[in-house]
Colleague: 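Below are the structure tokens for one structure; questions will follow.
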Amino acid sequence: MTGKILVTGALGNVGSEVVRLLLASGADIRVADRSLEKIRACFGETVDAVVFDFQDRNTYPAAFTGVDTLFLMRPPQISDVRNIMFPALDAARGVGVRHVVFLSLIGIEQAKFVPHYKVEEYLVHSPMTWTFLRCSFFMQNLNTTHRQEIRERSEIFVPTGRARTSFIDVRDIAAVAALALQQPGHENKAYDLTGGEALDYWQAAGVLSEVLGRTITYRNPSPVQFLIRHMRQGTPFIFALVMTGLYLSTRNGMAEPVTGEVERLTGRKPRTFRQYVQDYASVWS
Ligand SMILES: NC(=O)c1ccc[n+]([C@@H]2O[C@H](COP(=O)([O-])OP(=O)(O)OC[C@H]3O[C@@H](n4cnc5c(N)ncnc54)[C@H](OP(=O)(O)O)[C@@H]3O)[C@@H](O)[C@H]2O)c1
């Protein structure tokens with residue numbers, strides 16, 4: 001595949017790693033997110049950067065014109081994808097975008113109510129080709145959503161019971177994305193991406209404790225306790241509800257399967273949870 005690549009959500013967990021890899025490989029890219037200032041601070045003054053907001057159609061032409069391939073992520077705040085994301089995809093298609101690599105969720109085939117399902121369906125029925133990266137839980141949730149509880153209270157507070165999670169490092173997702181954005185052969189394919197092992201949260205807390213040199217405890221709250229804690233902390237209700245729902249499916253064993261897709265596609269093993277904790281250790285200090 002040749003031509004310009006547009007990366008949406010470029011300041012996010014996955015998007016920022018995608019941009020780093022594409023810049024390192026010399027690809028022709030345009031970096032899109034809601035703040036030009038932050039893009040410049042992150043990727044420098046010379047990168048082709050554009051303000052892009054799914055909710056502002058005026059930002060579409062500058063973002064999509066001249067673009068061949070799109071890295072698409074659904075911002076977690078957007079649930080009405082039909083009215084907010086489909087117009088952007090229509091605009092992309094209208095100016096000649098040919099291929100879309102979409103950051104999706106593992107198990108999405110069975111979750112018709114989840115926004116990603118609708119985006120996948122849109123793409124399957126569009127004339128554009130697509131690659132779906134159906135990812136397991138990000139390791140990086142622990143240094144973002146759960147950072148404060150680990151850093152300040154030395155605990156992990158998720159309602160997953162004894163179930164295991166095949167955590168994946170976003171850097172491995174980005175490696176697969178970079179291939180699908182730059183090489184032919186990934187058109188109209190869906191990849192289930194996981195890490196190389198599934199851990200329960202006692203094991204995850206154990207690795208954190210060993211690497212950080214202090215005890216991190218897995219609290220194992222009930223789903224209701226989890227929801228209440230997040231409401232009290234000021235997490236928006238819908239967001240807290242979605243998180244609870246996702247952790248409920250984990251609790252039922254949905255996040256346990258391990259696939260070999262990262263290694264098959266990139267030729268190297270996915271990062272382990274221990275490697276991830278070592279690389280991010282300063283975040284919880
Ligand atoms: N976390 C997981 O375990 C997991 C697993 C599988 C799939 N996923 C999916 O991955 C996606 C999230 O990826 P991520 O973690 O890389 O994202 P992220 O870190 O949450 O970053 C989202 C980025 O999108 C930007 N953004 C917000 N609203 C926007 C809008 N209206 N238009 C354009 N950009 C906007 C944000 O900018 P601001 O900073 O200005 O808000 C931010 O830079 C979600 O769809 C999620 O469901 C997550």
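Atoms within each ligand, like the ligands themselves, are counted from 1 in listed order. The chain is numbered in sequence order, starting from 1. Note: hydrogens, waters and symmetry copies are ignored here, and every other heavy atom, side chains too, is used.
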Colleague: With respect to K38, determine whether any N or O atom, backbone or side chain, lies less than 3.5 Å from an N or O atom of ligand 1.
Modeller: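 No; every N/O pair is 3.5 Å or more apart.
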
Colleague: Consider ligand 1: state whether an atom of it lies below 4.0 angstrom from any non-hydrogen atom of S136.
Modeller: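 S136: in contact with ligand 1 (<4.0 Å).
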
Colleague: Any atom of ligand 1 sitting under 4.0 Å from a heavy atom of S35?
Modeller: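 False for this residue.
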
Colleague: Identify the closest protein heavy atom to atom 36 (C) of ligand 1: which residue and atom is it, and at what distance?
Modeller: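 I find the closest protein heavy atom is D33 OD1, 3.7 Å.
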
Colleague: Hey, does R162 have a side-chain heavy atom less than 4.5 Å from the side chain of W202?
Modeller: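 W202 vs R162: side chains touch.
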
Colleague: Does ligand 1 have any atom sitting under 4.0 Å from a heavy atom of L246?
Modeller: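 The answer is no: ligand 1 sits nowhere under 4.0 Å from a heavy atom of L246.
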
Colleague: Polar contacts were defined as any N/O atom of the residue lying under 3.5 Å from an N/O atom of the ligand; does this apply to F54 and ligand 1?
Modeller: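 Yes.
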
Colleague: Does the residue S104 have a heavy-atom contact with ligand 1, meaning some pair of atoms that are separated by less than 4.0 Å?
Modeller: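 So S104 counts as touching ligand 1.
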
Colleague: At what distance is the nearest protein heavy atom to atom 38 (P) of ligand 1, and which residue and atom is it?
Modeller: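 Among all protein heavy atoms, the one nearest atom 38 (P) of ligand 1 is R34 NH2, 3.6 Å.
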
Colleague: State whether the shortest distance between N or O atoms of V14 and N or O atoms of ligand 1 falls below 3.5 angstrom.
Modeller: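 So ligand 1 has an N or O lying under 3.5 Å from an N or O of V14.
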
Colleague: Below the 3.5 angstrom mark, is there an N/O of N141, backbone or side chain, next to an N/O of ligand 1?
Modeller: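 Yes, there is a polar N/O contact under 3.5 Å.
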
Colleague: At the 4.0 Å heavy-atom cut-off, does H116 count as touching ligand 1?
Modeller: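 Checking ligand 1 against H116, which is what was asked, there is a heavy-atom contact under 4.0 Å.
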
Colleague: Under 4.0 Å from any heavy atom of I78, which atoms of ligand 1 are there?
Modeller: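 It comes down to these atoms of ligand 1: 31 (N).
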
Colleague: Please indicate whether any nitrogen or oxygen in F138 is less than 3.5 Å from any nitrogen or oxygen in ligand 1.
Modeller: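 Between F138 and ligand 1, an N or O pair is found under 3.5 Å apart.
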
Colleague: Can you confirm whether the side chains of Y280 and D169 place a donor and an acceptor under 3.5 Å from each other?
Modeller: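 No pair is found: no donor N or O on one side chain lies under 3.5 Å from an acceptor on the other.
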
Colleague: Spell out, yes or no, whether L89 and L133 are grouped together once hydrophobic residues are joined by side-chain heavy atoms under 4.5 Å, including indirect joins.
Modeller: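 Each belongs to a different hydrophobic cluster.
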
Colleague: Can the ring centroids of F157 and Y218 be said to lie less than 6.0 angstrom from one another?
Modeller: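 Here the rings of Y218 and F157 have centres that are no less than 6.0 Å from each other.
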
Colleague: Indicate yes or no: at least one non-hydrogen side-chain atom of F132 is less than 4.5 angstrom from one of Y191.
Modeller: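 Of all side-chain heavy-atom pairs linking Y191 with F132, none is under 4.5 Å.
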
Colleague: For atom 17 (O) of ligand 1, which protein heavy atom lies nearest, and how many Å away is it?
Modeller: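 Residue, atom and distance for the closest contact: M73 CE, 3.4 Å.
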
